[in-house]
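When a residue number appears, it is its place in the shown sequence, counting from 1.
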Amino acid sequence: MGCRNGSSALSLLSLLLLFASAVSLANAKTHYHDFVIQETKVTKLCKTQTVMTVNGQLPGPTLEVNNGDSLVINVVNRAKENVTIHWHGVRQITTAWADGPEFITQCPIRPGGSYTYRFKISGQEGTLWWHAHSSWVRATVYGALVIRPKEGDSYPFPKPKRDSVVLLGEWWNANPLDVIREAMRTGGAPNISDAYTINGQPGNLYNCSSKETVIVPIDSGETNLIRVINSGLNQQLFFTIANHKLTVVGADASYVKPFTTNVLMLGPGQTTDVLIKADQPPARYYIAARAYASAQGAPFDNTTTTAILEYKSAPCPAKGISSKPVMPTLPAYNDTATATAFTTSFRSPKKVEVPTNIDENLFITAGLGINPCPRGAPASSCQAPNRTRFTASMNNMSFVLPSNFSVLQAHHHGVPGVFTTDFPAKPPVAFDYTGNVSRSLWQPTRGTKVYKLKYGAKVQIVLQGTSIFTAENHPIHLHGYDFYILAEGFGNFNPATDTSKFNLVDPPLRNTASLPVNGWAVIRFVADNPGAWIMHCHLDVHIGWGLATVFLVDNGIGEMETLQQPPADLPVC
Ligand SMILES: *[C@@H]1O[C@H](CO)[C@@H](O)[C@H](O)[C@H]1NC(C)=O
Ligand SMILES: *[C@@H]1O[C@H](CO)[C@@H](O)[C@H](O)[C@H]1NC(C)=O
Ligand SMILES: *[C@@H]1O[C@H](CO)[C@@H](O)[C@H](O)[C@H]1NC(C)=O
Ligand SMILES: *[C@@H]1O[C@H](CO)[C@@H](O)[C@H](O)[C@H]1NC(C)=O
Ligand SMILES: *[C@@H]1O[C@H](CO)[C@@H](O)[C@H](O)[C@H]1NC(C)=O
Ligand SMILES: *[C@@H]1O[C@H](CO)[C@@H](O)[C@H](O)[C@H]1NC(C)=O
Ligand SMILES: *[C@@H]1O[C@H](CO)[C@@H](O)[C@H](O)[C@H]1NC(C)=O
Ligand SMILES: *[C@@H]1O[C@H](CO)[C@@H](O)[C@H](O)[C@H]1NC(C)=O
Ligand SMILES: *[C@@H]1O[C@H](CO)[C@@H](O)[C@H](O)[C@H]1NC(C)=O
Ligand SMILES: [Cu+2]
């Protein structure tokens, strides 16, 4: 390995590799894992916090499987807070009980409790990840899910020499649960993070962090695969590697038509697989990520996290001389043009079957709002601008999680009073969504409203951002499905002129769409997976304010189209 004085080397895969017992069943395997959720003391930026982790690791263990394998993960909660785990992007066909979002598909695993998630990976290859789906626990409870082709199958590109995971995270000099509780109490925006991280380490541009900078090894002439995941809580990130081109080959566990770029932009929830060729002089090059902050004037964490791409034959810096790795240029924080150029470069590898003859044509606005201070409430609980409280909504409905049953449990057992099925298919009032919105429209209604879909329905959703309070980019994630992104644009969606922009030939398949700031995006999918599936903004600050809704998809015909029975150990509230 290359130069090793100065920083302690962390070889990504050797650090994160999990020893799994794998039982062979024909070709497909079943992987068994134990995830013990525990309180762990973690020191970063010279400060020690007690945070929740899986097995004491931050990030948590990387799960490595082949397409077609099954996973059985026994989660034991030995921490002091509720937890659930979501397997982000996994289709969970007929296994919605294993999806994980609290109060949507299950009640939380309480302290002292446990739950075993059982599911299969089918037809997905590339990179996904897993994370807690309760409050802000996912700030420290997350890890990668690497899905390689079935044994005997190959990648649609030459087999990479090495394969590395780069998890981009966010770190607070505080317990993240205290940060969100404080915001819920005050009604204001939660504190911004103190650092971004790569595989848990902020990197040496931060004080007190140089020794732990992550090293990604490479050797001259190699072409390696890097699996980039934005597992941060609240920030879209630009990502780049000094002097090296990135060839994008996959995203959200679907292959894409390869394209080359200097910079990636990932919203929280999104993954991007890139090939990188070691065609530069042997040296050390920074891998760097920092914010794409699309909202004007809103505070954000403007720090930069780094790791080091290190050629094995890189010369060691002479003693006493600090040899700084080559630093890349990152786009300006507000460089929406670069973000857009990137998100609009995605295509499926070849012609795909895009759903047509749409059965359900939905138009869903997404954005922030503010509520007036409740009568009699202290000023300390109304710390959003002008003595208000922040909120957010889809189609003017601010989603409220149930508390006594999950949506799926209530649906399956026919328990009334937990949700209603009247989520509106279009905004209750049409207005200039991206203009100067009248104050009378800023305050959404609260409720637990879901939208019912018949099995097999062909669904189109026009997602429309609003400029209420402030316009910004929202990473919109749908559970249980991958969807095609047909088009995106700025301003108000106009069916008369924008329909002609739809890519009906080779649109990309994703589970999280970047809804442009002050703009729109159009997605399509076939509702062929029964269950209760939350669609939400993946900025956790916005989910907490209600930027979510749920699709309730009926069973179809026969076992393959029917939700399985709930597992016996499914937590109840
Ligand atoms: C949030 O930031 C403020 C101002 O820096 C600080 O006083 C407060 O303690 C922080 N809250 C938490 C939960 O860390
Ligand atoms: C890093 O440390 C220096 C010197 O103590 C200080 O001036 C600077 O503000 C610190 N930077 C950060 C980001 O904390
Ligand atoms: C980051 O934000 C802080 C606080 O707003 C500001 O003082 C600083 O200049 C900013 N740094 C960069 C690199 O933009
Ligand atoms: C981006 O920020 C710079 C300075 O921070 C400002 O001059 C510029 O107008 C901004 N651009 C956009 C598109 O908001
Ligand atoms: C707060 O009130 C001031 C003065 O009325 C107004 O100019 C400003 O736009 C208000 N801000 C918000 C976010 O409502
Ligand atoms: C569940 O909670 C809701 C809201 O608090 C309440 O209206 C409903 O009656 C409860 N249902 C049951 C079965 O306890
Ligand atoms: C937005 O509309 C309000 C009232 O309709 C008006 O007072 C305000 O000046 C407008 N703001 C801008 C930036 O046009
Ligand atoms: C949302 O609903 C509230 C309550 O009915 C109403 O005051 C507000 O104008 C509505 N806003 C929009 C954007 O429909
Ligand atoms: C944990 O979950 C239970 C429902 O299973 C709920 O009653 C309780 O309030 C939750 N605790 C916290 C701290 O959110
Ligand atoms: Cu959002």
Side-chain angles (χ1 to χ4, degrees), residues 7 10 12 44-45 58-59 127 129 131 138-140 142-144 164-172 192-207 209-210 212-216 218 224-248 251-252 261-276 284-294 300-310 324-336 338-343 473 475 512 514 538-540:
S7 51
L10 297 177
L12 304 181
K44 294 200 189 299
L45 311 175
L58 181 60
T127 307
W129 60 300
H131 61 80
R138 80 171 179 86
T140 52
Y142 64 91
S164 305
V165 167
V166 168
L167 281 152
L168 306 172
E170 251 178 299
W171 179 259
W172 278 259
I192 57 172
S193 53
D194 294 291
Y196 299 108
T197 56
I198 293 180
N199 295 349
Q201 301 300 346
N204 56 14
L205 302 188
Y206 297 85
N207 290 340
S209 194
S210 56
E212 290 86 19
T213 300
V214 165
I215 305 289
V216 177
I218 198 164
N224 293 346
L225 181 61
I226 300 185
R227 304 168 183 272
V228 188
I229 303 165
N230 186 343
S231 35
L233 256 73
N234 294 322
Q235 194 59 61
Q236 296 83 346
L237 295 166
F238 286 121
F239 172 94
T240 191
I241 303 180
N243 295 16
H244 289 75
K245 294 261 182 234
L246 307 171
T247 301
V248 177
D252 296 1
T261 176
N262 292 319
V263 61
L264 316 180
M265 192 286 287
L266 296 94
Q270 295 183 314
T271 75
T272 307
D273 288 358
V274 297
L275 292 175
I276 169 175
R284 301 161 84 222
Y285 299 88
Y286 271 128
I287 297 171
R290 75 173 191 187
Y292 162 49
S294 62
F300 64 97
D301 176 352
N302 62 9
T303 63
T304 303
T305 182
T306 52
I308 297 168
L309 181 76
E310 185 176 88
K324 283 218 178 85
V326 182
M327 186 66 196
T329 339
L330 279 148
Y333 300 113
N334 62 359
D335 191 346
T336 290
T338 293
T340 307
F342 178 69
T343 55
N473 175 294
T512 307
S514 290
H538 217 286
L539 307 180
D540 274 23

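For the atom pair CD1 (I215) and CD1 (I198), the distance works out to 11.0 Å, reported to the nearest 0.5 Å. L168 contributes atom CG, which lies 10.0 Å from atom CD1 of I287 (distance to the nearest 0.5 angstrom). Rounded to the nearest 0.5 Å, atoms NZ (K324) and CG (L205) are 9.5 Å apart. The distance from atom CH2 of W171 to atom CG of L45, rounded to the nearest 0.5 Å, is 8.0 Å. Going from atom CE of M265 over to atom OG1 of T338 covers 10.5 Å, rounded to the nearest 0.5 Å. Note that the CZ atom of F239 and the CG atom of L246 stand 6.5 Å from one another [nearest 0.5 Å].
Between A195 and P202, the shortest heavy-atom contact is CB-CB, 4.2 Å. Between G267 and Q236, the shortest heavy-atom contact is CA-CG, 3.9 Å. Heavy-atom minimum distance, T261 versus L264: CG2-CD2, 3.9 Å. Closest of all the heavy-atom pairs between H538 and G269 is ND1-N, 4.0 Å. The two atoms that bring D540 and N234 nearest to each other are N-OD1, 3.0 Å, heavy atoms only. Taking both residues in full, the closest heavy atoms of T271 and T127 are given as OG1-O, 2.9 Å, listed atom of the first, atom of the second, then distance.
In this structure Y196 satisfies the side-chain hydrogen bond (donor to acceptor under 3.5 Å, both in side chains) test with no other residue, sequence neighbours excluded. With sequence neighbours excluded, the residues satisfying side-chain contact (heavy atoms from CB on, under 4.5 Å) with P325 are R284, Y286, I308. Residues meeting the ring-ring contact (aromatic ring centres under 6.0 Å, His included) test with Y285, sequence neighbours left out: H244, Y311. For N334, the side-chain contact (heavy atoms from CB on, under 4.5 Å) test picks out A332, with sequence neighbours left out.
With contacts defined as side-chain heavy-atom distances shorter than 4.5 Å, the pair S231/W129 qualifies. When side chains are defined from C-beta on, K245 counts as touching N262, because their heavy atoms get closer than 4.5 Å. Taking 4.5 Å as the limit, some side-chain heavy atom of L539 sits within range of a side-chain heavy atom of P268. I241 has its side chain within reach of I226: a pair of non-hydrogen atoms, C-beta onward, lies under 4.5 Å apart. A 4.5 Å side-chain heavy-atom check between T304 and M327 finds at least one atom pair inside the cut-off. Side-chain contact between D252 and Q270 is present, with at least one heavy-atom pair separated by less than 4.5 Å. Using a 4.5 Å cut-off on side-chain heavy atoms (C-beta onward), Q235 and D301 make no contact. Residues S193 and L233 fail the side-chain proximity criterion, which asks for heavy atoms closer than 4.5 Å.
A side-chain N or O of Y292 and one of T336 form a donor-acceptor pair less than 3.5 Å apart.
N473 places no side-chain N or O within donor-acceptor distance of the main-chain N or O of S294, the cut-off being under 3.5 Å.
Within the structure, no pair that satisfies the salt bridge (charged side-chain N to carboxylate O under 4.0 Å, His left out) test touches residues 194-203, not counting sequence neighbours. Listed by first and then second residue, the salt bridge (charged side-chain N to carboxylate O under 4.0 Å, His left out) pairs involving residues 226-241 are D163-R227, R227-D273 (not counting sequence neighbours).
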Show the numbers, then the answer: is there a side chain to side chain contact (heavy atoms under 4.5 Å, CB included) between L58 and K44? CA-CA 11 Å; L58 181 60; K44 294 200 189 299; 4.0 Å; yes

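For the side chain to side chain donor-acceptor pair (under 3.5 Å) with Y206, the qualifying choice from T303, T305, T197, T213 is T303, the only one to do so.
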